Amino acid sequence: MHKGQAEDVAYVSEGKSLLIGRASQHSTVDFKLYNDFVSREHCRIYMNGGKLHIEDLGSKHGTAVNEIELVPNEPSEIAPGDRITLIHGLIELYICIDNDLTREFTSMNVDIPPNIAINEYLQTLIIGEEPIKLSAKEFTCLKLLYENMDNLILKEEIVENVWPERVGEPDQLVTAEEVASLLYRVRKRVKGYFTIKAVAQKGYYMESIKN
């Protein structure tokens, strides 16, 4: 992520390589970055034997892990929590484990403010006096979970509510990665106040955090 570019999410699984590079009209990279200092094929991330690796592909402005510059074309093992930066810190990438079979989003244990409200007109969650602005899809998903607190919401329900324009379109099916990415972003918005838990192969439900 960097200033001027929205948060994007990409997934890496065993045997899959994620090529990161500069966005252009003819770019074929998997993860595009809109910055002229990014090389066309800057670096790649892949999983081998259950471990993540990153490799700088001879980029002009470099790739670093925890502020240590990578040697071009030499793989380096990485793990969730490592700080990956491109172009001397201008762009930062974040890695987290996102396994739908076991995923449980949790937040720190804090007091719940007495006044929590959803402003549908402004697409905003208001916690105490703090307004939290969400995108249209994030807000729709949050509202669905919030209004059905502690009840399971099927993945199909989330898709029908968040992507109604794509329901019934075989060539525009909503992928599991899109749903997981959306839930990840919503979880970040409500961190510290609610948890969003996954029920394997079924759906999600929201809980308030109590003392």
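When reading the values below, keep in mind they use all heavy atoms of this one structure, side chains included, and skip hydrogens, waters and symmetry mates. Keep in mind it's a predicted model, so treat the numbers as computed, not measured.
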Q: Do you know the tightest heavy-atom contact between Ile158 and Cys141?
A: CG2-SG, 4.3 Å

Q: Asn119: what forms a side chain to side chain contact (heavy atoms under 4.5 Å, CB included) with it, not counting sequence neighbours?
A: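 So Asn119 forms a side chain to side chain contact (heavy atoms under 4.5 Å, CB included) with Tyr121, Leu122, Thr124, Ile126.
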
Q: Could you pull out the closest heavy-atom pair between Thr63 and Cys43, with the gap in Å?
A: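 For Thr63 and Cys43, the tightest heavy-atom pair comes out as OG1-CB, 3.9 Å.
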
Q: Calculate, to the nearest 0.5 Å, the distance between atoms NZ and CG belonging to Lys137 and Leu142 respectively.
A: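 Reported value, rounded in 0.5 Å steps: 15.0 Å.
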
Q: With no hydrogens and no angle check, is any side-chain donor or acceptor of Ser181 less than 3.5 Å from a backbone partner on Glu177?
A: no

Q: Distance from Glu207 atom CD to Leu145 atom CG, nearest 0.5 Å?
A: 12.0 Å

Q: Mind checking what makes side chain to side chain contact (heavy atoms under 4.5 Å, CB included) contact with Tyr146, not counting sequence neighbours?
A: Ile116, Ile118, Met149, Phe194, Met206

Q: Nearest 0.5 angstrom please: Ile54 CD1 to Leu86 CG, how far?
A: 7.0 Å

Q: Any side-chain heavy atom of Leu125 within less than 4.5 Å of one from Arg189?
A: no

Q: Applying salt bridge (Lys or Arg N to Asp or Glu O under 4.0 Å), which residue pairs with at least one partner in residues 57-76 are found, sequence neighbours left out?
A: Glu67-Arg83

Q: What residues, two or more places apart in sequence or in another chain, satisfy side chain to side chain contact (heavy atoms under 4.5 Å, CB included) together with Glu77?
A: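 For Glu77 the side chain to side chain contact (heavy atoms under 4.5 Å, CB included) partners, ignoring immediate neighbours, are Lys51, His53.
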
Q: With sequence neighbours excluded, tell me which residues meet salt bridge (charged side-chain N to carboxylate O under 4.0 Å, His left out) with Glu55.
A: Arg44

Q: Answer yes if Val167 and Leu173 sit in the same cluster of Ile, Leu, Val, Met, Phe, Trp and Tyr residues linked by side chain heavy atoms under 4.5 Å apart, and no otherwise.
A: no

Q: Among residues at least two apart in sequence or on other chains, which ones pass salt bridge (charged side-chain N to carboxylate O under 4.0 Å, His left out) with Glu147?
A: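 Scan of Glu147 (salt bridge (charged side-chain N to carboxylate O under 4.0 Å, His left out), adjacent residues dropped) gives Lys143.
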
Q: Between Tyr204 and Ala180, what is the shortest heavy-atom contact and its length?
A: OH-CA, 4.5 Å

Q: Can you pull out every ring-ring contact (aromatic ring centres under 6.0 Å, His included) where at least one residue sits in residues 152-179? Sequence neighbours excluded, please.
A: none

Q: Supply the atom-to-atom distance Leu93 CG to Ile84 CD1, rounded to the nearest 0.5 angstrom.
A: 6.0 Å

Q: Roughly how far, to the nearest 0.5 Å, is the CD atom of Glu138 from the CZ atom of Arg187?
A: 13.0 Å

Q: Side-chain contact test, heavy atoms from C-beta onward, threshold under 4.5 Å: evaluate it for His42 versus Leu33 and give yes or no.
A: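 Side-chain contact under 4.5 Å: no.
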
Q: State which residues pass ring pair (Phe, Tyr, Trp, His ring centres under 6.0 Å) with His88; sequence neighbours excluded, sorted by chain then number.
A: none

Q: Considering only Ile, Leu, Val, Met, Phe, Trp and Tyr, and joining two whenever side-chain heavy atoms are under 4.5 Å apart, list the other residues clustered with Val29.
A: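 Reading the cluster by chain and number, Val29 sits alongside Leu19, Leu57.
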
Q: Look at atom CG of Asn151 and say whether more than 12 heavy atoms of other residues, nucleotides or ligands are closer to it than 6.0 Å.
A: yes

Q: Could you measure the distance from the CE atom of Met47 to the NZ atom of Lys16? Nearest 0.5 Å is fine.
A: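 Reported value, rounded in 0.5 Å steps: 11.0 Å.
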
Q: Please answer: with hydrophobic residues joined when any side-chain heavy atoms are less than 4.5 Å apart, are Tyr46 and Leu18 in the same cluster?
A: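 In one cluster with Tyr46: Leu18, no.
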
Q: Among residues at least two apart in sequence or on other chains, which ones pass side chain to side chain donor-acceptor pair (under 3.5 Å) with Arg166?
A: Glu178

Q: Of the non-hydrogen atoms in His61 and Phe37, which two are nearest, and what is the gap between them?
A: CD2-O, 3.1 Å

Q: Among the clusters formed by ILVMFWY side chains lying less than 4.5 Å apart, do Ile78 and Val71 turn up in the same one?
A: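 No, separate clusters.
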
Q: Which pairs with one or both residues in residues 18-31 pass side-chain hydrogen bond (donor to acceptor under 3.5 Å, both in side chains), sequence neighbours excluded?
A: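 Matches after skipping sequence neighbours: none remain.
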
Q: Name all residues meeting the side chain to side chain donor-acceptor pair (under 3.5 Å) criterion together with Ser76; count only those two or more places apart in sequence or in a different chain, and write none if there are none.
A: none

